[in-house]
Amino acid sequence: MKISAIKELLDAEVLTCEEGLDKHVYSACGCDLMSDVLAFVKDQAVLLTGLVNPQVIRTAVMMDMVCVVFVRSKAPSEEMLELARDSGIVVMSTEKTLYTSCGLLFSNGLTGVR
Amino acid sequence: MAEELVFRFDVDGEDFTSAGQASVQVKKNLRQLGVDSEVIRRVSIAMYEGEINMVIHAGGGTALVKVYPDCIEIVLEDHGPGIKDIDLAMQEGYSTATDTIRSLGFGAGMGLPNMKKYTDSMDIESTVGVGTTITMRVNCQEVL
């Protein structure tokens with residue numbers, strides 16, 4: 001699924017790296033526990049989370065993830081956005097909850113990590 | 001293992017928000033050296049978990065990353081409280097982290113198991129009241 005499709009499905013606002021909207025993601029992870037993300041996620045994935053601190057972006061960097069979506073309109077700091085820009089990660093924010101966001105992506109064909 | 005390139009980092013134990021900076025830098029350095037992307041991924045994840053552990057549990061420490069022709073070695077050294085029971089600490093889900101750390105997305109007892117999972121070898125030397133040194137290696141082909 002293209003990141004641009006995720007943006008449309010979640011009615012999300014793009015906060016960084018808009019030029020990356022044409023990239024594809026092949027799996028998704030909805031999680032507030034970064035240790036689980038580090039244990040199970042494959043690359044080219046999108047991370048959906050309600051956790052807001054710089055470790056979210058660093059975790060995404062370590063996992064070669066290409067997109068992070070903050071749910072329930074959580075607002076990342078400028079420091080976090082700068083970290084994301086530095087690694088070319090598309091950061092978005094949606095008003096939807098984590099459950100709803102994951103459900104929308106799953107039901108439109110973006111399954112989870114196997 | 002004659003030739004080696006060494007990167008050294010001080011890990012600040014006072015600031016959780018800056019934890020992981022060394023791992024991000026190592027990832028960039030290894031990419032510049034042309035190291036295989038899967039090797040970089042494994043090294044940086046293992047080091048990142050170790051770096052977080054040093055900040056959470058040990059008040060910081062030092063990280064050495066040695067690039068050998070056939071492997072990458074990560075040595076994490078701290079002078080924290082030490083690990084009382086290493087076998088217990090290696091179990092997934094076992095953690096002594098505080099609720100504050102859990103609220104930040106870590107402290108789920110996955111750190112050491114993840115470090116072992118992503119590396120080809122891992123050795124823990126720890127003395128209670130003295131500190132901990134963890135040495136990890138990820139094998140690779142002809143880096144230097």
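All chains are named by letter (A, B, ...) in the order of the sequence lines, taking the proteins before the strands, and each is independently numbered beginning at 1.
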Nearest heavy-atom pair of A/Phe40 and B/Tyr118: which atoms, and what distance? N-OH, 4.5 Å
Tell me the side chain to side chain donor-acceptor pair (under 3.5 Å) pairs involving residues 90-104 of chain A, sequence neighbours left out? A/Thr97-A/Thr100
Below 4.5 Å from any heavy atom of chain B, which atoms of A/Asp32 appear? Answer side chain, backbone, both or neither. backbone
I'd like to know if A/Phe106 and A/Leu47 are part of one continuous hydrophobic network [Ile/Leu/Val/Met/Phe/Trp/Tyr, side-chain heavy atoms within less than 4.5 Å]. no
Answer with side chain, backbone, both or neither: which region of B/Phe16 has an atom nearer than 4.5 Å to a non-hydrogen atom of chain A? both
Should B/Leu112 and A/Leu33 be counted in the same cluster of Ile, Leu, Val, Met, Phe, Trp and Tyr side chains packed under 4.5 Å apart? no
Suppose a student defines contact as a heavy atom less than 4.5 Å from any heavy atom of chain A. Which residues in residues 22-32 of chain B would they list? B/Ser23, B/Val24, B/Lys27, B/Lys28, B/Arg31
Does A/Met62 reach the side chain of B/Met47, with side-chain heavy atoms less than 4.5 Å apart? no
Checking heavy atoms, do the side chain of B/Phe106, its backbone, both or neither come under 4.5 Å from chain A? both
Give me the other members of the hydrophobic cluster that A/Val69 sits in, counting Ile, Leu, Val, Met, Phe, Trp and Tyr linked by side-chain heavy atoms under 4.5 Å, directly or via other members. A/Met1, A/Ile3, A/Ile6, A/Leu9, A/Leu10, A/Val14, A/Leu21, A/Val25, A/Val46, A/Leu48, A/Val66, A/Val71, A/Val90, A/Met92, A/Leu98, A/Leu104, A/Leu105, A/Leu110
Please say yes or no: joined through hydrophobic side-chain contacts below 4.5 Å, possibly via intermediate residues, are B/Val39 and B/Val75 part of one cluster? no
Decide if atom CD of B/Glu14 counts as having more than 12 heavy atoms of other residues, nucleotides or ligands within a radius under 6.0 Å. no
So which heavy atom on A/Arg58 is nearest to which on B/Tyr48, and how close? CB-OH, 3.5 Å
Kindly work out whether a path of hydrophobic side-chain contacts (I/L/V/M/F/W/Y, heavy atoms less than 4.5 Å apart) joins B/Met122 to A/Leu38. yes
Mind jotting down which residue pairs meet the side chain to side chain donor-acceptor pair (under 3.5 Å) criterion with at least one end in residues 92-105 of chain B? Sequence neighbours excluded, please. none
Taking everything shown except B/Lys116 itself, do over 12 heavy atoms lie less than 6.0 Å from its NZ? no
Please name the pair of heavy atoms, one in B/Asn114 and one in A/Ala39, separated by the smallest distance, quoted to 0.1 Å. OD1-CB, 3.2 Å
Pick from A/Thr59, A/Asp86, A/Val37, A/Leu83: which one has the most heavy-atom pairs with chain B under 4.5 Å? A/Thr59
So do the side chains of B/Ile52 and A/Gln55 get within less than 4.5 Å of each other, counting heavy atoms only? yes
Should B/Ile124 and B/Val128 be regarded as members of a common hydrophobic cluster, given that ILVMFWY residues are connected when their side-chain heavy atoms come within less than 4.5 Å of each other, either directly or indirectly? no
